[in-house]
Amino acid sequence: MTCLTMTKHLSLESFVLFIIVAFPFFSAADASEEVTSLLQWKATLRTRNNSALNVNGTLLHFPFSSLLNLTHLDFAINGFYGNIPSQIGYLSKLIYLDLSTNQFSGNIPQEIGKLTKLEVLHLVENQLNGSIPQEMGNLSSLFELALYTNNLQGPIPASFGRLSNLINLYLYENKLSNSIPPEFSSLLNLVELFMDSNLLTGPIPSFFGNFTNLTYLHLFNNQLSGSIPSELGRLKFLESLTLNSNNLTGLIPSSLGDLRSLSLLHLYHNRLSGPIPNALGNLQSIEDLQLSENNLNGSIPASLGDLSNLEYLYVRDNQLSGSIPLELGNLNLIDLEMDTNQLSGSLPDNICAGEKLKKLTAYDNMLNGSIPKSFKGCSSLVRLRLDNNHFNGNISEAFGVYPDLGFMNLNNNKFYGEISRNLSKCKKLTSLLISGNSITGSIPPEISNITYLQKLDLSTNHLVGKIPKDFGKLTNLLDLRLSNNQLSGNVPLELGLIPKLEYLDLSRNSFNGSIPGNIGNFLQLFYLNFSINSLSEEIPTGISKLSHLSSLDLSHNALTGKIPSQISSLGSLETLNISHNKLSGTLPKGFDDMLGLLRIDMSFNKLHGPIPNTKAFTNASIETVQGNDGLCGNITGLQPCTNPSFADRNPSKKAHKLILLIILPCLGAALLLWGAIGILVINKRKKRTAEIQLNDQDIEEMFTVSSFNGKELYNEIIKSTKEFDDFYCIGKGGFGSVYKAMLHSTDTVAVKKLHSSSEVADHSGFINEVRALTEIRHRNIVKLLGYCSQHPHSFLVYEYLTNGSLEAMLSKEVEAKELNWPMRVNIIKGVAHALSYMHHDCTPPIVHRDISSKNILLNSEYEACISDFGTAKLLKTDSSNWSAVAGTYGYVAPEFAYTMKVTEKCDVYSFGVLTLEVIKGRHPGDSIASPFSSLRQMIELSDYLDQRIPPPSDDMQELLFQMIKLAKACLHSNPQARPTMYIVSQLFV
């Protein structure tokens with residue numbers, strides 16, 4: 001036998017050297033077309049690090065008489081790329097061929113069908129595309145064929161029916177379509193058949209029941225329809241059957257109960273109906289049974305209690321009813337999911353008797369009664385969700401100590417009694433949710449010992465007393481909800497020691513005293529609600545430090561004094577409710593700068609004066625400003641500020657008029673005198689300064705939209721970048737390069753120097769356009785400071801963000817690991833809110849046109865900010881760079897190719913791609929086209945996660961799952977079917 005095996009320790013050069021030194025031993029008869037073709041093949045072979053191969057070796061004596069006698073060729077894991085050469089068909093004596101885990105692309109050559117002696121063919125984990133050649137049906141000796149994890153398309157060849165010796169067939173993770181060919185019926189020797197994760201349609205053939213040697217049948221994640229054939233019950237040796245994530249309908253066949261060797265049965269995420277067959281209780285070897293996300297009805301069969309090996313039982317998201325059978329308590333279950341059904345009755349007393357139960361979810365049912373006593377000893381519990389049921393009983397007696405419990409949700413039940421101090425011994429708890437019950441007593445200070453706690457929700461109960469000062473030790477807490485209780489006393493200053501808090505709701509209690517002055521310590525806070533309490537005194541100025549705050553509700557208190565002028569610092573604020581207080585004075589001018597503010601309510605205070613001319617006020621109703629002393633402005637039902645009768649209602653107006661009658665004549669005379677003197681002085685200096693003024697004016701006019709001194713800024717940028725030396729360049733784009741400029745004022749700015757000022761749009765409207773863009777205020781949009789077109793340089797000036805682009809962060813192994821799951825979710829949320837603001841809150845709307853990871857920048861806290869948000873609008877549409885600003889390859893919506901029209905829905909599509917990229921850690925690539933073509937396809941979360949960081953928690957998994965589903969909707973091929981960014985952003989509130 002002649003063998004050649006290439007492992008990861010044997011290089012391609014060694015193989016080429018073998019070809020070279022072997023040819024001197026060929027006989028004249030061997031000097032044929034086959035030899036010539038093999039030499040041509042050798043000349044084409046390339047690896048990732050070799051543009052071409054030139055090997056000069058000395059003559060070696062191999063015990064081979066001819067390369068054409070080669071029987072085994074293993075090129076797996078060698079970094080080859082390019083096409084598989086057609087010359088491979090001349091290795092006619094090959095028995096074993098493995099080209100797996102390389103970067104081969106293009107079609108599978110039809111010449112591979114000449115290898116009629118081949119028994120094993122592996123082409124897995126490459127980038128092969130096109131259809132599978134019909135000629136592969138000539139490989140009659142083949143007993144193992146593996147083509148999985150490529151981009152193969154089209155139907156499965158009918159010629160495969162001639163592969164009668166085939167034992168193992170692996171076609172999964174491709175884009176194969178059409179129905180399973182009827183010619184498959186002749187493959188009676190099959191033992192393992194994997195065709196999952198494709199686009200297969202049509203029914204599951206009934207002749208599969210004739211494959212009596214089959215041990216694995218995996219057809220999940222396709223578009224198969226029709227019913228499950230009862231003939232599958234003949235497969236006595238079947239160990240694993242996965243039909244999930246298809247469009248299957250009808251009943252679950254009772255014949256599946258005859259599969260006594262079956263250890264795994266997955267039928268979830270279909271449209272199956274009817275009851276769960278009692279016959280499934282005969283599956284004595286079953287370990288994993290998943291029937292979730294169907295339309296199953298009836299009760300859970302008591303026969304399932306006979307499945308002594310069952311560890312995973314998932315029946316969630318169906319229409320099951322009745323009680324949970326007591327027999328389930330006989331099982332040694334690890335995971336039990338029964339949520340979102342119509343189950344009633346109580347949990348079986350022995351549900352935790354096996355002491356292996358880790359996860360129990362039964363939320364959104366009609367379960368009642370008390371918690372079984374066996375729960376106290378269920379020390380293995382990791383996750384518990386019983387929310388939205390009718391459970392009752394004393395909560396302090398129902399639960400024990402769970403050293404590994406990470407998530408506990410008992411919301412919206414009928415539990416009573418006091419919170420047990422034993423909960424403090426559940427050291428791994430990250431979420432403790434007990435809202436909507438009838439819990440009494442005070443909050444145990446021992447809860448502060450749960451140092452990993454991230455979310456605590458005790459709202460809507462009957463809790464009394466004060467918030468424990470020890471809560472300041474919960475340094476990992478992100479979300480604290482204590483609303484709708486009877487808590488009293490001051491809001492403790494110690495809450496200010498919780499640095500990561502994002503959501504704080506203390507509304508509907510009896511808190512008194514002042515709002516803590518250190519509230520500005522909550523630098524990550526985006527939601528704050530202190531409404532319906534008895535808080536008094538002034539609103540602390542420290543509240544202005546909450547730069548991420550999007551919702552603030554201080555209504556229905558007894559707050560006094562003026563609204564702090566620093567409120568304009570809340571640049572991210574969208575909703576403000578300060579109604580029903582005792583606030584006085586005029587509205588701060590800072591409201592004029594709060595362009596992101598959408599909704600206000602200032603009713604029933606003592607405010608007076610004009611309302612700001614911003615959208616939140618001009619779009620407000622009279623109900624949001626009524627009950628004040630004298631507000632005026634452009635709201636229907638409100639007095640206009642020019643109304644004389646309105647002005648007379650202000651008691652100080654008359655006094656002001658009298659003073660003006662006396663002062664104005666005197667002031668006029670003085671002004672005439674000073675004016676005459678001024679004219680004489682100016683005329684003397686005019687000629688001396690004319691030229692200087694002209695030069696300064698040229699520069700100043702170009703920076704009229706800048707918040708800096710124009711001349712100083714221009715000169716500092718030119719000096720600090722050494723006239724845009726490449727050393728200071730931090731990035732390059734389609735129409736400009738970006739430079740980092742350190743200014744004398746210690747400010748650092750990012751300067752985008754345009755390639756050519758000739759590509760700038762009409763200058764008459766250009767400055768107005770830039771001025772409009774500089775007025776945009778959103779915490780997730782990079783601030784545009786100004787623009788200069790002073791010859792020879794044209795550039796835009798932006799604020800500088802320290803952590804660079806998202807693209808650069810994700811592409812680097814070390815930096816990518818710093819972006820944990822909460823950070824990544826926050827990035828996606830930030831981009832969604834910014835796009836919603838641009839599309840729906842700007843007039844006219846702004847379409848970005850180029851949403852991609854390179855245009856998402858990260859600040860010092862790794863929060864996302866969209867850059868280049870208006871630059872595309874500022875260039876000529878006939879510019880040579882227009883195609884670059886219309887989108888980045890891989891993010892552009894498909895309709896752009898044939899309409900060349902950019903709309904808001906193009907941004908929505910790009911957002912969908914970006915969402916997957918942030919979760920996966922890299923661009924999703926060609927996988928966008930296939931997995932997202934149908935909204936009915938099931939998401940396998942593990943396929944979309946970045947493997948470089950630790951797996952997400954259960955809570956985070958649910959959130960990521962929803963985000964991926966949302967991305968699917970954004971990637972819909974029909975632009976009109978995509979959601980708006982407003983809808984998307986609302987899902988992230």
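Both backbone and side-chain heavy atoms feed into the values below; hydrogens, waters and symmetry mates do not. Predicted, not measured: the structure shown is a model, and the values here were computed from it.
Heavy atoms only, all atoms of each residue included: Ile351 and Pro372 are closest at CG2-CG, 4.2 Å. Residues Leu232 and Ile228 share a closest heavy-atom pair of CD1-CG2, 3.9 Å. Asn318 and Glu293 make their closest contact through ND2-N, 3.9 Å (heavy atoms, listed as atom of the first residue, atom of the second, distance). Annotation for Ile112 and Leu139: closest pair O-CD2, 3.5 Å, computed over non-hydrogen atoms. In terms of heavy atoms, Arg271 sits closest to Asn294 at N-OD1, 3.3 Å. The two atoms that bring Ala158 and Pro181 nearest to each other are CA-CB, 4.2 Å, heavy atoms only.
Residues Glu231 and Phe208 have side chains not in contact (no heavy-atom distance under 4.5 Å, counting atoms from C-beta outward). Within the 4.5 Å cutoff, side-chain heavy atoms of Phe143 are placed close to those of Val120. Counting heavy atoms from C-beta on, the side chains of Ser370 and Phe391 never come closer than 4.5 Å. Side-chain atoms of Leu916 and Ile964, non-hydrogen and from C-beta on, do get closer than 4.5 Å to each other.
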Solution key, residues 298-311 side-chain donor-acceptor pairs under 3.5 Å, sequence neighbours excluded:
{"from": "Ser303", "atom 1": "OG", "to": "Asn278", "atom 2": "O", "distance (Å)": "2.9"}
{"from": "Asn309", "atom 1": "ND2", "to": "Gln284", "atom 2": "O", "distance (Å)": "2.7"}
{"from": "Glu311", "atom 1": "OE2", "to": "Lys356", "atom 2": "NZ", "distance (Å)": "3.2"}

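A distance-only check finds a donor-acceptor pair linking the side chain of Asn198 to the backbone of Lys175 [under 3.5 Å]. A donor-acceptor pair under 3.5 Å is formed between the side chain of Tyr402 and the backbone N or O of Gly400. Side-chain atoms of Asn411 come within 3.5 Å of backbone atoms of Ser435 as a donor-acceptor pair (strictly under, hydrogens ignored). Checked by atom type and distance alone, the side chain of Asn413 pairs as donor or acceptor with a backbone atom of His390 at under 3.5 Å.
More than 12 heavy atoms of other residues, nucleotides or ligands shown are found within 6.0 angstrom of OH on Tyr96.
In this structure, Tyr170 and Tyr148 have perpendicular ring planes: the angle between them is above 60°, well past the 30° mark. Relative orientation of the Phe399 and Phe375 rings is perpendicular, given thresholds of 30° and 60° on the angle between their planes.
With salt bridges taken as basic N to acidic carboxylate O contacts below 4.0 Å, one links Asp955 and Arg383.
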Handout entry: Criterion side-chain hydrogen bond (donor to acceptor under 3.5 Å, both in side chains) on Asn412 and Asp387, from CA distance to verdict
Key = CA-CA 6 Å; Asn412 302 318; Asp387 45 303; over 6 Å; no
